[in-house]
Amino acid sequence: MSSIADNLGSVTRRIQKATLQAGRKPGSVSLLAVSKTRSAQELREAVSAGQLAFGESYLQEALDKIAELRDLTAIDWHFIGPVQSNKTRQIASAFSWVHSVDRLKVARRLSEQRETGLPPLNICLQVNINNEPSKSGCRPDELPELASQVSQLPGLRLRGLMAIPDPGQTESALKESFRNLANLLKELQLRYPEAGPLDTLSMGMSGDLETAIAEGATCVRIGTAIFGERSQKS
Ligand SMILES: *Cc1c(COP(=O)(O)O)cnc(C)c1O
């Protein structure tokens, strides 16, 4: 079995190769290690190999690991799971990014509950890019209004968009989904230049990071290719 450090090396090479092939600037795509269901010890191994950005989906599990790893002060914690509005206070104090904001109510609470001593919480709006029923994410047509309102909240800094495309699509439909998300970000950049740098396109996972990078991803969220198959919860 290969080690976490080896896997991080191969994922980094995949990212570099895809970035080059897309004719994009080296270093323009960052790696978020998705560590849901992984132990604090596995995260320590990844940190020893130089990985500092981690994405978590389950709040209680994440808070336990954050407490256990508080000696590693350089870790940057990203929340990427569905946000329940009664859990916003803990998210606002423990994380520096939330990739999965899809409604104003949650954004307002995160903004109000972000402690004033901390820098604003970085936010990506999650878009239900394939209009799948009962899936998280706002509808593409709701996005301009939501972005405009979120960009005005003082405790937040709107950074961009996130999507989890339907995994059952053909390769070309998947490519088009990523392209659609990239175009939505471009529209927002033109429409709300005052929103500040909307510089983040959070898309691409272990199986499709090359396609996502070809379509403009700036942050890929990778779990399995770093830590191996997850046993239960996905
Ligand atoms: C689990 C998860 C990932 C990582 O998926 P892998 O296929 O294991 O790389 C990425 N993004 C989100 C939102 C996830 O929940």
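Counting convention: from 1, in listed order, for ligands and their atoms alike. Bear in mind the structure is a predicted one, so any value in this text is a computation, not a measurement.
- Annotation for ligand 1: atoms under 4.0 Å from non-hydrogen atoms of T224 are 6 (P), 7 (O), 8 (O), 9 (O).
- Just one residue in the list F54, F95, W97 forms a ring-ring contact (aromatic ring centres under 6.0 Å, His included) with F79, and that residue is F95.
- The ligand atoms of ligand 1 that sit less than 4.0 angstrom from a heavy atom of I164 are 13 (C).
- Counted by atom type alone, S3 and E45 present zero donor-acceptor pairs between their side chains at under 3.5 Å.
- Nearest-residue assignment for atom 4 (C) of ligand 1 (options M162, R221, E56; heavy-atom criterion): R221.
- Taking every non-hydrogen atom of G223 and a distance limit under 4.0 Å, the qualifying atoms of ligand 1 come out as 4 (C), 6 (P), 8 (O), 9 (O).
- Listed by atom number, the atoms of ligand 1 under 4.0 Å from I222 heavy atoms are 9 (O).
- Under the 4.0 Å criterion applied to side-chain N and carboxylate O atoms, R108 and E112 are not assigned as salt-bridge partners.
- Counting only N and O atoms by type, the side chains of Q113 and S93 include no donor and acceptor under 3.5 Å apart.
- Using a 4.0 Å cut-off between charged side-chain N and carboxylate O, E61 and K36 make no salt bridge.
- For H99, the heavy-atom gap to ligand 1 stays at 4.0 angstrom or more.
- Ligand 1 has S57 within reach: a non-hydrogen atom of the residue lies less than 4.0 Å from it.
- Near K36, meaning under 4.0 Å from any of its heavy atoms, are these atoms of ligand 1: 1 (C), 2 (C), 3 (C), 14 (C), 15 (O).
- Comment: D71 engages R44 in a salt bridge, judged by a side-chain N to carboxylate O separation of less than 4.0 angstrom.
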